[in-house]
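Because the structure is predicted, anything quoted here is derived from the model rather than measured. Here is the naming used below: chain letters follow the sequence lines, and residue numbers restart at 1 for every chain.
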Number of protein chains: 2
Amino acid sequence: MRLEDRKPFHASNVQSLTVLVQREVERRILTGELPAGERLSESALAADMGVSRGPVREAMRGLQQAGLVEIVANKGVVVRKIGYDEAVDLYDLRGSLFGFMCETMARRRTDAQCAVLRDKLGAMADAIRADDKDRYYRLNIEFHAAIVEFCGNSRARTVYEGIVKEMHLFRRRGLSRIENMEASMREHEAIAEAIVAGRAEDAREAGITHLRNGRDRFLATLDPAPESLAAAGRDRALRRTATAE
Amino acid sequence: MRLEDRKPFHASNVQSLTVLVQREVERRILTGELPAGERLSESALAADMGVSRGPVREAMRGLQQAGLVEIVANKGVVVRKIGYDEAVDLYDLRGSLFGFMCETMARRRTDAQCAVLRDKLGAMADAIRADDKDRYYRLNIEFHAAIVEFCGNSRARTVYEGIVKEMHLFRRRGLSRIENMEASMREHEAIAEAIVAGRAEDAREAGITHLRNGRDRFLATLDPAPESLAAAGRDRALRRTATAE
DNA sequence: AAGCTGTAAACTGTCAACAGTTGTCAATCC
DNA sequence: GGATTGACAACTGTTGACAGTTTACAGCTT
């Protein structure tokens, strides 16, 4: 499939090859088609996609800034590898940002936005009753996306979405499973309730709590959870040595 | 001055032209040498720095991802222009991040790090006694930088520093002035105290408060402060029309 | 046999040239 | 007179080629 064939034609869809290449490589990384640690050859990518090396190089530069690849001078570019501690840091940062966005949306919410949140919640409750985990997972993503969008802080949104992408670099399994739908649902309800009521501080805490629980649920599924996770005030150098992988 | 002459030679300093160009253009943007809204010509930049257009294009791609420039297909690159509302959003986001970093440092702090904070505070008190605003300003930056570094979350640091850079795109004056050193000092003391004591939640709130106050002090100096700032729950579209500039 | 050295292949960094697009401006038509 | 069209200039998008570096491997030395 040629890159240009993806979307129906429209003037605004005519992008530079750089953008197309960047999007495609990003997709391959996020789907795991290009696993973390993989070394990327410019010429190989260029040949594979039928373009010259220029656009590929530019795309790599963009992906580097986005944190998805690392570029070493005269050696090449590799898909970033994320260790256990770094993943925990990303989870925490993401949680803090999500809390901020919940708080911000609570301050700026409109009735229409609140209605959207309520709709999503209703659909999620339906999914639970039908025991449809896949549908619940999709709605879960939509619920989060709605808050991210409605918070209205576009820079926060960019940063948040970048971090979510980056987190895909850490392991791959488990990311699309929600074991305890009921617990997840209760947390969503708490978030939505606080936002709708305009209780900004409560919304922030509910958002952070939700992601912290999600983090713990996910990390608990990992092989031998390094004890460093629980220990507070732990030394940085020490943690580095305990890096997963 | 040639780009290569900046630093003493070391193997790790041998960077690609792309990196050198990106750094140089970033410097010109942050110093205001290239004002917001300025249109950048690849050929002109390339000629000016004595390189070809390739590295310049790659550097532009990096600066775009960093939020410092905007690239429009087939039209060119312009230094990003930030309006009033966007600046307020950036301040809020930065505050939230700084709070997160204070909180995180409070959890992970070491004695050596606490000693550094105390040293900075002492030096700042000296600067106040000497009524040396410039010195206080430098130390203020160092104090913030220390927290950013000691929080240990490297991704948070990257994001935070990127946002600080981006904020330079909004106006330029006033950014390097601190009117009320005593008030600023008290806030710093509150942050440091909470961190040293390990009171993470207090540290977070002190950090957020500090930046919120800084934001208000700065925004208050702007010409006709749009009333939108004070109004909570304000409509997004309306705010957009009130954009400064 | 283990380690070192030199050579060659492969790849990255950079450049200059070509192709395609956008914007300008003057001439033309209604 | 105003709007439209066409050509020209300037610039961006892309390409292929060349130079310098890294890496792997074969051959040599100890």
Minimum-distance nucleotide to [X] side chain [options: [options]]:
X: B/P55; options: D/dT14, C/dC15, C/dG13; value: C/dC15
X: A/S52; options: C/dA16, D/dT14, C/dG13; value: D/dT14
X: B/S41; options: D/dT15, C/dT14, D/dT12; value: D/dT12
X: A/E42; options: D/dT23, C/dG13, C/dT22; value: C/dG13

Round to a whole Å and report the spacing from [atom1] of [X] to [atom2] of [N].
X: A/R39; N: D/dA24; atom1: CZ; atom2: C1'; answer: 12 Å
X: A/N74; N: C/dA9; atom1: CG; atom2: P; answer: 20 Å
X: B/E58; N: D/dG13; atom1: CD; atom2: P; answer: 14 Å
X: B/L17; N: C/dT12; atom1: CG; atom2: P; answer: 17 Å
X: B/L45; N: D/dT12; atom1: CG; atom2: C1'; answer: 13 Å
X: B/M60; N: D/dT12; atom1: CE; atom2: C1'; answer: 13 Å
X: A/R61; N: C/dT12; atom1: CZ; atom2: C1'; answer: 11 Å
X: A/R57; N: D/dT15; atom1: CZ; atom2: C1'; answer: 14 Å

Name the nucleic acid region contacted by A/L40, choosing base, sugar-phosphate or nothing; use a 4.0 angstrom heavy-atom cut-off, strictly under.
sugar-phosphate
Mind checking B/G54 for me? I need base, sugar-phosphate or nothing, with any heavy atom below 4.0 Å counting as a touch.
nothing
Side-chain N or O of [X] closer than 4.0 Å to phosphate OP1/OP2 of [N]:
X: A/T18; N: D/dG13; result: no
X: A/S43; N: C/dT12; result: yes
X: B/K75; N: C/dG23; result: yes
X: A/R53; N: D/dG16; result: no

Is there a side-chain contact between [X] and [Y], using heavy atoms and a 4.5 Å cut-off?
X: B/R27; Y: B/E33; result: yes
X: A/H144; Y: A/Y160; result: yes
X: B/L97; Y: A/S96; result: no

The single option from A/L93, A/L30, A/L90 that satisfies side chain to side chain contact (heavy atoms under 4.5 Å, CB included) with A/E166 is A/L90
First locate atom CZ of A/R61, then atom CZ of B/R61, and finally report the distance between them rounded to the nearest 0.5 Å.
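These two atoms lie 12.0 Å from each other.
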